[in-house]
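Residues take their numbers from the sequence shown, with the count starting at 1. The figures that follow rest on heavy atoms only: side chains count, while hydrogens, waters and symmetry mates do not.
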Amino acid sequence: MFDVYAFATPNSVKVTIALEELELPYTLHGVNVRKGEQKTPEFLALNPNGKVPVLVKTEQAFSLTESAAILVFLAEKTGRLLSAHGEARARVFEQLFFHASGLSPAFGQSGFFQRFAATPEPIALERFSTEANRTLHVLDTVLEKNRYVAGDEFSIADIAHFGWLWRRGFPNITFENTPHVARWYADIESRPAVQRGIARIEALVPKD
């Protein structure tokens with residue numbers, strides 16, 4: 001049994017999707033980042049970095065942060081969504097690192113400078129907007145050759161990328177010029193476990 005501390009963010013939805021795909025039981029706790037709940041002493045005791053998501057093993061003194069690390073932990077625990085050895089495993093990690101070092105920060109920074117910068121920062125906006133679109137086209141090139149981002153099998157790398165593409169409106173990204181990403185996204189979005197993971201996360205957002 002796991003406890004998951006999360007909100008309706010790109011990184012949080014990765015965890016609920018993985019747990020639903022792997023059919024693992026969990027209790028979901030909302031941490032409203034819009035109200036700064038991720039900065040409370042209680043939450044910082046779980047993650048000093050003050051960010052969601054956090055995965056906690058209910059009956060043990062073990063908690064884990066960083067969505068990619070959580071995905072790897074869950075996959076290795078169950079023996080699913082990550083090849084055990086060889087080139088197939090390497091391809092999954094290749095995409096996980098590309099996501100963590102490339103696509104995810106580019107999308108996040110592009111959205112920030114478009115929506116939250118106190119004063120216009122045209123150089124930063126141009127830099128990160130260009131980079132967000134560039135990394136999306138890199139992914140499109142990969143998906144032109146493969147059904148999934150790491151090859152023929154659905155994996156935690158697909159879940160990682162899906163999280164930010166689910167929130168692509170934040171950096172104002174579309175699939176208009178990336179048809180292979182659009183095909184892949186529709187395929188992932190149609191999975192019942194993915195739909196359940198999204199629904200659990202979206203239910204954390206206050207209605208008012």
Side-chain angles (χ1 to χ4, degrees), residues 6-17 31-39 47-53 65-72 90-151 155-189 194 197-198 201-202 204-205:
F7 196 59
T9 68
N11 291 325
S12 292
V13 78
K14 302 171 191 177
V15 177
T16 57
I17 288 172
V31 180
N32 192 330
V33 300
R34 297 175 185 173
K35 295 182 177 180
E37 293 177 358
Q38 76 280 19
K39 302 299 183 182
N47 182 7
N49 198 28
K51 294 184 178 181
V52 291
T65 68
E66 298 297 328
S67 59
I70 294 171
L71 292 178
V72 172
R91 290 299 181 199
V92 172
F93 278 100
E94 178 183 49
Q95 285 299 315
L96 283 177
F97 293 141
F98 168 61
H99 180 80
S101 67
L103 190 145
S104 176
F107 274 45
Q109 295 288 357
S110 178
F112 172 83
F113 282 106
Q114 289 183 60
R115 298 174 183 276
F116 299 130
T119 58
E121 299 285 352
I123 295 177
L125 179 56
E126 172 69 17
R127 167 74 175 89
F128 289 111
S129 178
T130 299
E131 186 66 4
N133 281 283
R134 186 192 71 80
T135 55
L136 187 66
H137 279 83
V138 171
L139 191 60
D140 196 64
T141 300
V142 171
L143 289 165
E144 183 178 8
K145 302 174 183 177
N146 301 323
R147 180 179 180 185
Y148 298 108
V149 299
S155 73
I156 54 174
D158 294 285
I159 296 174
H161 283 309
F162 182 88
W164 259 110
L165 296 180
W166 172 64
R167 280 289 185 252
R168 63 192 178 278
F170 179 64
N172 196 28
I173 293 291
T174 73
F175 297 152
E176 182 178 355
N177 297 313
T178 53
H180 306 293
V181 172
R183 180 270 306 165
W184 165 87
Y185 184 88
D187 189 20
I188 303 301
E189 189 180 37
V194 172
I198 292 173
I201 281 294
E202 288 183 332
L204 297 177
V205 180

Between the side chain of Thr16 and the main-chain N/O of Val13, is any donor-acceptor distance below 3.5 Å?
-> yes
List the steps and the verdict of side chain to side chain contact (heavy atoms under 4.5 Å, CB included) for Ile198 and Glu202.
-> CA-CA 6 Å; Ile198 292 173; Glu202 288 183 332; 3.6 Å; yes
Would Thr135 and Phe107 satisfy side chain to side chain contact (heavy atoms under 4.5 Å, CB included), going step by step from the backbone distance to the final call?
-> CA-CA 9 Å; Thr135 55; Phe107 274 45; 3.9 Å; yes
Sequence neighbours left out, what passes side-chain contact (heavy atoms from CB on, under 4.5 Å) with Asp187? Give chain and number order.
-> Arg147, Tyr148, Ser190
Can you measure from CZ (Phe113) to CD (Glu126) and round to the nearest 0.5 angstrom?
-> 13.0 Å
Selection residues 95-117 - residue pairs positive for side chain to side chain donor-acceptor pair (under 3.5 Å), sequence neighbours left out | Lys14-His99, Gln95-His161, His99-His161, Ser104-Trp164, Ser110-Gln114
Heavy-atom pair with the smallest gap, counting every atom of Ala160 and Leu96 | CB-CD2, 3.8 Å
Check side chain to side chain donor-acceptor pair (under 3.5 Å) between Arg134 and all other residues, then give those that pass, not counting sequence neighbours.
-> Glu131
Quick one: does Leu136's side chain get under 4.5 Å of Leu165's, heavy atoms only?
-> yes
At what distance, to the nearest 0.5 angstrom, does OG1 of Thr9 lie from CD1 of Ile201?
-> 6.5 Å
Flag, side chain of Arg183 to backbone of Leu143, donor-acceptor distance under 3.5 Å = yes
May I ask you to decide if Ser155's main-chain N or O and Asp158's side chain share a donor-acceptor pair within less than 3.5 Å?
-> yes
First locate atom CD of Glu144, then atom CG of Leu139, and finally report the distance between them rounded to the nearest 0.5 Å.
-> 12.0 Å
Those residues that, when tested against Arg167, pass salt bridge (Lys or Arg N to Asp or Glu O under 4.0 Å) (two or more places apart) = none
Polar side-chain atom of Asn49 near backbone of Lys51 as donor-acceptor pair, under 3.5 Å | no
Separation between OG1 of Thr178 and CZ of Arg168, rounded to the nearest 0.5 Å | 9.0 Å
Can you check whether Asn47's main-chain N or O pairs, donor with acceptor, with Thr65's side chain at less than 3.5 Å?
-> no
What is the distance from atom CD1 of Ile173 to atom CG of Asn133, rounded to the nearest 0.5 Å?
-> 4.0 Å
List in chain and number order the residues that pass salt bridge (Lys or Arg N to Asp or Glu O under 4.0 Å) with Glu94, two or more places apart in sequence or in another chain; answer none if no residue qualifies.
-> Arg91
Look at the side chain of Asn11 and the backbone N and O of Ser67, then say whether any donor-acceptor pair between them is shorter than 3.5 Å.
-> no
Does the side chain of Asn146 come under 3.5 Å of the side chain of Trp184 through a donor N or O and an acceptor N or O?
-> no
Please tell me if the side chains of His137 and Thr141 come closer than 4.5 Å, counting only heavy atoms from C-beta onward.
-> no
4.5 Å side-chain heavy-atom contact, Phe93 and Val72 = yes
Check for a donor-acceptor pair, side chain of Asp140 on one end and backbone N or O of His180 on the other, with a separation under 3.5 Å.
-> yes
Sequence neighbours excluded, the answer for ring pair (Phe, Tyr, Trp, His ring centres under 6.0 Å) partners of Tyr185 is Phe162, Phe175
Considering all heavy atoms of both residues, which atom of Ala6 and which atom of Leu204 are nearest to each other, and what is their separation?
-> O-CD1, 3.5 Å
From Ile156 CD1 over to Ile17 CD1, what is the distance, rounded to the nearest 0.5 angstrom?
-> 13.0 Å
